[in-house]
Amino acid sequence: MHRPIARRPREAGARGRCGYDPALSSASTPRPDGVPERPSLEGLEQKWSAAWERDGTYSFDRSAPRERIFSIDTPPPTVSGSLHVGHVFSYTHTDAVARYMRMKGREVFYPMGWDDNGLPTERRVQNHYGVRCDPSVPFDPSFEPPEQPSEKEPVSISRPNFVELCLRLTESDERAFEDLWRTLGLSVDWSMTYTTIGPIAQKISQRSFLGLLARGAAYQLEAPTLWDVDFQTAVAQAELEDRERPGAMHKVRFTSARDGGEALIETTRPELIPACVALLAHPDDERHAGLVGGEARTPLFGTTVPVLSHPLVEREKGTGLVMVCTFGDLTDVTWWRELSLPVRSVLAPDGRLAEVPWGSAGWESADLERARASYGELAGRSINQARRRIVELLAESGDLIGEPEPVNRAVKFYEKGDRPVEIITSRQWFIRTISQQQLLLDAGRELRWHPPYMRARYEDWVNGLNGDWCVSRQRFFGVPFPVWYPIDGDGNVIHSEPIVASDSQLPVDPSTDVPEGYGAEQRGQPGGFAGDPDVMDTWATSSLTPQIAGQAGVDEELFAKVFPMDVRPQAHDIIRTWLFTTVLRSELDEGELPWGNAAISGWVLDPDRKKMSKSKGNVVTPMHLLEEHGADAVRYWAASGRPGTDTAFEAQQMKVGRKLAVKLLNASKFALADLPPQAEELAHPLDRAMIARLAALAAEAEASFEGYDYARALQRTEESFWWYCDNYVELVKGRRYDPSPEVSGPVSRALRVSLSVFQRLLAPFLPFVCEEVWSWWQEGSVHRARWPEAAELAAEALSAEPDREELALEVTAAALAEVRKAKSQAQRPMRAAVARLIVRDTEERLAALELGAGDLRQAGAVEVLQTEPGEELAVEVEFAEE
RNA sequence: GGGCGCGUAGCUCAGUGGGAGAGCGCUCGCUUCACACGCGAGAGGUCGCAGGUUCGAAACCCGCCGCGCCCACCA
C-alpha cells in the first residue's frame with residue numbers, strides 16, 4: 001500500500017524565548033551588501049593582519065579583573081636558529097587555545113619572547129663580525145666592528161661590546177620571526193615582547209639569583225663538573241645526550257703491592273690510568289677478596305692505589321675489578337665521593353693531558369723515572385692521541401693482555417658539542433635540586449598535564465637527578481653573575497666572600513661595573529676586587545619566563561594579574577630543561593607552581609617518520625609553506641595534530657585545510673547573499689533539529705578546548721560542517737529561495753544562526769577566512785565575538801518533540817543520500833527528476849520522515865513520494881522519462 | 001634494565017563495551033541555480049598476534065611481537 005505524504009510543512013512547534021547572544025541577534029541587522037561575487041582566499045593574511053594590528057584586536061587589557069585573565073607562558077624561540085615547521089606546528093596549537101579563550105570572554109595575556117642569549121648567538125656573532133669576546137678588555141663605547149671581518153684574526157672586544165653586537169644581529173632575526181608569526185596569524189599582543197638578554201630579563205634573572213644565594217639555595221663549589229672541552233665550559237646534566245660511539249675494551253694488568261700478583265681490570269679509557277686513585281671490587285666477590293684491603297700499583301706509572309670494595313661494582317662486568325679515575329665518568333664521581341678518594345687529575349680544560357708534578361704530594365711512584373718517561377709520552381696530547389699512545393706503551397711493557405676488543409657504547413655528549421663531555425674539577429655555581437626532589441615531585445602532581453601521560457617524563461627526570469644544577473657557564477653572551485670577589489693584599493681572589501650587587505644596581509655586568517664601595521681603578525688590584533667572569537646557563541634565565549613576561553618586580557601590578565599563569569605550552573623534548581627548571585625556580589622564588597596547566601606538543605616528523613632537523617636536510621621553510629598553501633591551510637594541518645603526538649609533515653593535509661576554507665567562503669556566500677529577511681523564530685522541524693545539533697556541537701567543542709584538545713574540537717566541527725553543507729543546505733535550498741516570506745523567513749533565520757555558529761567555531765583554527773566571512777555581515781571581529789553558547793542555541797531550537805525532529809533530520813538526509821546513490825548508479829545528473837520515490841523504513845522513522853518530506857521532494861526532484869513499512873531504510877526510484 | 005606512547009582501509013588518522021568509520025589516494029559518474037579549489041557514488045579492513053573477562057571486545061584484563069620516545073646503565 002502506497003501512502004502519500006502531506007506536502008505542506010507542519011506548523012512550528014512551541015518554542016521558548018531566551019536572552020540572545022549579541023552575535024546571534026546582530027544577524028537581524030540589515031545585511032550590508034558585503035558578499036563578494038567571487039569570494040577568494042587570496043590576500044586575506046595581509047588584509048586581516050593589518051586590520052587586527054590597526055584595531056588592536058588582540059591587545060591585552062590589563063584593567064581586566066584577575067579571574068578573567070588567561071595568561072600564557074609563550075615559549076621564546078631561539079632567534080639565532082632558523083624557524084622551522086615544528087615552530088609553526090606548536091605555536092598554532094597555542095594560538096587556537098588563545099583564540100578560544102578570548103571568545104569565551106577571557107582577557108588573554110599572550111606575549112612573545114625571543115630567546116637570544118646563549119651559545120648559538122655567540123657563534124653567529126663571532127663569525128659574522130669577526131670578533132672574539134674577552135671579558136678582560138675594557139668597554140669601548142665607540143666600538144664599531146671591522147668592515148672586513150677576519151676569521152683568522154678576530155678582534156678582541158669587551159663583553160658589553162660583544163653583547164651589543166649580539167643584540168644588533170638578533171634584532172633582524174626577531175623582525176623575521178615576527179613577520180612569520182603575523183602571517184601565520186598568531187593572536188599575540190605585539191606590544192608585549194621580551195628578550196632573554198634584555199635589561200628586564202637580566203634584572204629579574206640576577207635578582208632571583210641573589211635571592212637564592214641569600215637563602216642558601218644557590219652556592220658555589222669547587223667540584224667535579226661536566227665539561228665540554230671544545231667550548232671549555234661547564235654544562236648541565238640536562239644538556240647531555242647519548243651518542244653511540246665505537247670504542248675498545250682493554251684488559252690491563254695492575255700488580256698487587258703486597259706480593260706482585262696480577263690484578264686485571266678492563267677499561268675503555270686506558271689514557272686515564274695515570275689518574276687512577278683506586279681499584280674496586282664488589283663486597284661479595286670471592287675472586288678478589290684477597291686483594292681488597294690491600295694496595296695495587298698502576299702499570300707504567302707505578303702509582304700505589306688502594307683496593308677497596310663498593311656495592312655499585314658489577315661482578316659480571318669485565319674481570320669484576322674496576323679502576324676508579326678522577327674522573328672517567330659519573331660513577332667515578334660517586335665512588336670518589338663515597339670512598340673519600342683523593343683527586344689525581346690529568347685532564348686540562350682544553351681536552352689535552354696536562355703536565356703533572358711527578359714526585360710531589362699525590363704523585364708519588366715506585367719508579368719515578370719510569371712514571372715521568374711514560375707520562376712524557378702523553379702530556380700535551382689530546383685524549384684520543386694519548387689513548388693510542390698509551391695502548392702502545394702498555395703493549396710494549398706487556399701490561400696489555402690480549403688485543404683491545406672493539407665495542408660500541410653510548411657516550412655522553414654536550415648536545416651542542418662535538419666531543420664527549422669530560423669531568424673536570426672547577427669552581428662553579430649551583431642551584432639546589434637534589435634537596436628539593438620531593439617538593440618537585442609534588443609540584444609535578446599538582447600541575448595539570450595535557451596529555452596526562454607526559455607527567456611520567458617529568459617524574460623520571462626528577463627521580464634520576466644525580467647532582468645539583470650547575471648554572472655557571474664559561475661563556476659571554478648571557479646574563480652575568482651579579483657578584484664580585486675581594487682580592488687580598490697578596491693578590492688572592494677570595495671566592496668564599498662574594499660581594500653581591502645591590503638591588504638598585506641591577507642589571508650589572510661585573511666585568512665592567514664596579515661594586516659599591518670600590519673604585520674602577522681597584523679592579524684586579526691587591527686590596528681591590530675581581531668580577532665573576534661567568535654567565536648563567538641559558539635555562540637559568542629561561543626558567544624565569546613567567547616572571548620576565550609578567551615583569552616581576554618591575555611592574556608588580558601586571559605581575560599580580562598574570563602570575564601564576566594559566567598555561568605553559570611547550571614540546572616534550574624540553575620537559576627536563578625548560579619545564580623542570582621553571583617549576584623549580586617558581587617553587588623556590590614564589591613558593592607555588594608557575595602555571596596551572598602544561599600543554600605539551602609533539603614534534604613534526606618528515607614523511608619517513610624521522611624528526612625534522614636541519615642536519616638531515618629535510619626542513620621546509622615555513623614562509624614558503626604559508627605562501628603556497630595559505631596560513632589557514634597550514635594552521636589546519638597543525639591543529640589536526642593531537643596534543644603531545646608527533647605528527648607527520650603532510651602537504652596533502654594543508655590542501656584539505658584549504659578546501660575547508662574555500663568551502664566556508666562559498667557556504668557563507670550561499671547563505672548570506674540576497675538572503676531574505678529573517679523571521680523572529682524558527683518554524684521548520686529540520687531547522688530546529690539542525691540548530692539543536694549545533695548546540696551539542698558547540699558544547700563538545702567547548703569541552704574539548706577546556707581540556708586543551710583543540711584537535712578534537714576541530715575534527716568535530718569540521719565533520720559537522722561538511723555534513724551541514726552536503727545535507728542540510730541541500731535540503732533547505734527550496735525553502736531558502738521560496739518567494740513566500742512565511743517560508744523563507746524562518747529558514748533565513750536558521751541559516752544565519754547556523755552560519756554564525758560555524759564561523760565562530762572555526763575561527764580559532766582558520767582566523768583569516770573566518771574573519772573575512774564574518775565581516776560580510778557582522779560588526780566587529782569574529783575573534784572578539786562570543787563563543788556560541790550551547791544553552792542559547794538549545795533555546796533557539798526548542799521543540800515540543802525534539803526526538804522526532806532529530807530523527808526527521810537523520811532519516812530525511814539518509815533518504816536523500818539513497819536518492820543520490822540511485823541517480824549516481826543510473827549515471828544520471830543529480831537534478832534528474834524522479835517520477836516516483838518509494839521509501840521503506842520502520843514506522844517510527846517513516847513518521848519522522850513526514851516532517852522532512854517537503855524538503856526531500858525538493859532536494860531530490862521527486863514528483864511523487866510514497867512510503868511503505870519495512871525493516872530498515874530502502875528506496876525504490878522511478879525516473880521520469882528524459 | 002625501567003617507564004610512557006603507538007600498532008584500525010594503500011597513506012594520515014578518529015573511534016575506548018552493542019552497526020568497522022573519516023579525509024586523502026584510487027575507480028566510476030555528474031557543467032547542480034554557494035562552490036569544478038566543486039558535487040555524487042563505489043571498491044578497499046582476519047581493527048599487530050595469542051589468551052581471558054563478558055550475552056557481546058577494535059575498545060577492558062594478562063602475555064607476546066613490532067615501532068617510537070623518555071629515563072637509567074655505559075669499568
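From a predicted model like this one, the values you see are computed outputs, not experimental measurements. Just so you know, these numbers use all the heavy atoms, side chains as well, and skip hydrogens, waters and symmetry mates. Below, chains carry the letters A, B, ... as their sequence lines are ordered, and counting in each starts from 1.
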Roughly how many Å apart are B:G7 and B:C49, using the C1' atom of each and rounding to a whole number?
11 Å
If the threshold is 4.0 Å, N to carboxylate O, is there a salt bridge linking A:E422 and A:R269?
yes
Measure CH2/A:W637 against P/B:C13 and give the value in whole Å, please.
12 Å
Six-ring centre of A:F879, A:R828 cation under 6.0 angstrom, axis tolerance 45°
yes
Gap in Å between the two C1' atoms, one belonging to B:A57 and one to B:A20, rounded
13 Å
Measure from the side-chain heavy atoms of A:W461 and tell me the nearest of B:U32, B:A72, B:G2.
B:A72
One thing to verify: whether A:R845 and A:E810 come together as a salt bridge, which I'm taking to mean a side-chain N less than 4.0 angstrom from a carboxylate O.
yes
Parallel under 30°, tilted from 30 to 60°, perpendicular over 60°: which one fits the rings of A:Y728 and A:Y724?
parallel
Taking only residues two or more places apart in sequence or in another chain, which ones pass salt bridge (Lys or Arg N to Asp or Glu O under 4.0 Å) with A:E262?
A:R253
Is A:T319 touching bases, backbone alone, or none of the nucleic acid, heavy atoms closer than 4.0 Å?
nothing
Is there, by distance only and without an angle test, a donor paired with an acceptor across the side chain of A:D242 and the base of B:C73 below 3.5 Å?
yes
Between B:A72 and B:A59, how many Å separate the two C1' atoms, rounded to a whole number?
33 Å
Write down the distance separating the P atoms in B:U31 and B:A43, rounded off to the nearest Å.
23 Å
Base, sugar-phosphate, or nothing for A:R269, non-hydrogen atoms under 4.0 angstrom?
nothing
Do A:E718 and A:R716 sit within salt-bridge range, that is, some charged N less than 4.0 Å from a carboxylate O?
no
Quick one: label A:K823 by what it contacts on the DNA or RNA (base, sugar-phosphate, nothing), any heavy atom closer than 4.0 Å.
nothing
Answer for the Watson-Crick or wobble partner of B:G56, both distances under 3.5 Å, is none
In plain terms, say whether A:E872 and A:R840 are close enough for a salt bridge, that is, a side-chain N and a carboxylate O under 4.0 Å apart.
no
Sugar-phosphate only, base, or nothing, as touched by A:V729 at under 4.0 Å among non-hydrogen atoms
base
Could you tell me whether A:D726 contacts a base, only the sugar-phosphate backbone, or nothing, with contacts defined as non-hydrogen atoms closer than 4.0 Å?
sugar-phosphate
Across every strand shown, the nucleotide meeting Watson-Crick or G-U wobble geometry with B:A36 (both distances under 3.5 Å) is none
When rounded to the nearest Å, what value does the distance between P atoms of B:G56 and B:U12 take?
35 Å
Under the rule for ring-ring contact (aromatic ring centres under 6.0 Å, His included), what residues qualify as partners of A:F705, not counting sequence neighbours?
A:Y100, A:F765, A:W787
Roughly how many Å apart are B:G23 and B:G40, using the P atom of each and rounding to a whole number?
10 Å
Rounded to whole Å, please give me the gap between CD1 in A:I575 and C1' in B:C4.
11 Å
Rounded to whole Å, CG of A:L605 lies from C1' of B:C67 at a distance of 12 Å
Carboxylate-amine/guanidinium proximity below 4.0 Å for A:R445 and A:E459:
yes
SB check A:R820 A:E818 (cutoff 4.0 Å):
no
Whole angstrom value for the distance that separates P of B:G38 from CG of A:L41
12 Å
CD of A:E244 versus P of B:C74: gap in Å, rounded?
14 Å
Name the nucleic acid region contacted by A:M323, choosing base, sugar-phosphate or nothing; use a 4.0 angstrom heavy-atom cut-off, strictly under.
nothing
Taking the nucleotide of RNA chain B with the nearest heavy atom to each, does A:M249 or A:R712 sit closer to the 5' end?
A:R712
Please determine, for the side chain of A:Q827, which listed nucleotide (B:G15, B:G3, B:G29) has the closest atom?
B:G29
Base, sugar-phosphate, or nothing: which does A:K412 touch, judged by heavy atoms less than 4.0 Å apart?
base
A:A648, nearest nucleotide to its side chain (from B:U12, B:A41, B:C71):
B:U12
With both distances under 3.5 angstrom, what nucleotide forms a Watson-Crick or G-U wobble pair with B:A22?
B:U12
Could you work out the separation of B:G19 and B:G66 based on their C1' atoms and round it to a whole Å?
31 Å
Nearest-Å distance for atom pair CD/P, residues A:E316 and B:C74:
13 Å
Have a look at A:R820 and say if it touches a base, only the backbone sugar-phosphate, or nothing, with a 4.0 Å heavy-atom cut-off.
sugar-phosphate
If I take atom CZ in residue A:F670 and atom C1' in nucleotide B:C39, what distance separates them, rounded to the nearest angstrom?
14 Å
So, is A:K663 near the phosphate of B:C39, with a side-chain N or O under 4.0 Å from OP1 or OP2?
yes
With rounding to the closest Å, how many angstrom separate the P atoms on B:G25 and B:C11?
16 Å
Identify whether the distance between the nearest side-chain nitrogen and carboxylate oxygen of A:R658 and A:E42 falls below 4.0 Å.
yes
Does OP1 or OP2 of B:A14 have a side-chain N or O of A:R642 closer than 4.0 Å?
yes
What nucleotide, of B:A41, B:C71, B:C73, holds the atom closest to the side chain of A:K821?
B:A41
Which is true for A:C725 with a 4.0 Å heavy-atom rule: it touches a base, it touches only sugar-phosphate, or it touches nothing?
base
So what does A:V313 touch, heavy atoms closer than 4.0 Å: a base, only the sugar-phosphate, or nothing?
base
Specify the separation, in whole Å, of atom CG of A:N408 and atom P of B:C73.
19 Å
Applying a 3.5 Å limit to both distances, which nucleotide forms a Watson-Crick or G-U wobble pair with B:C69?
B:G3
Please state whether the phosphate of B:U32, meaning OP1 or OP2, lies under 4.0 angstrom from any side-chain nitrogen or oxygen of A:R831.
yes
I'd like a list of close polar pairs between nucleotides 21-24 of chain B and the protein, N/O only, cut-off under 3.5 Å.
from	atom 1	to	atom 2	distance (Å)
B:C24	OP1	A:K659	NZ	2.7
B:C24	O3'	A:Q652	NE2	3.3
B:C24	O2'	A:Q652	NE2	3.4

Among residues two or more places apart or on two chains, list those pairs meeting side chain to side chain donor-acceptor pair (under 3.5 Å) that have a residue in residues 317-336 of chain A.
A:H310-A:W335
A:S824 has a side chain; which of B:C37, B:C39, B:G40 sits nearest to it?
B:G40
Is any side-chain N of the basic residue among A:D855 and A:K733 closer than 4.0 Å to the acidic one's carboxylate O?
no
Going by the rule salt bridge (Lys or Arg N to Asp or Glu O under 4.0 Å), which residues pair with A:R297 if we only count those two or more places apart in sequence or in a different chain?
none
For A:N727 and A:T645, find the nucleotide of RNA chain B closest to each by heavy atoms; which residue's nucleotide sits nearer the 5' end?
A:T645
Does anything in residues 449-459 of chain A reach RNA chain B, meaning a heavy atom under 4.0 Å, and if so which residues?
A:Y453, A:R457
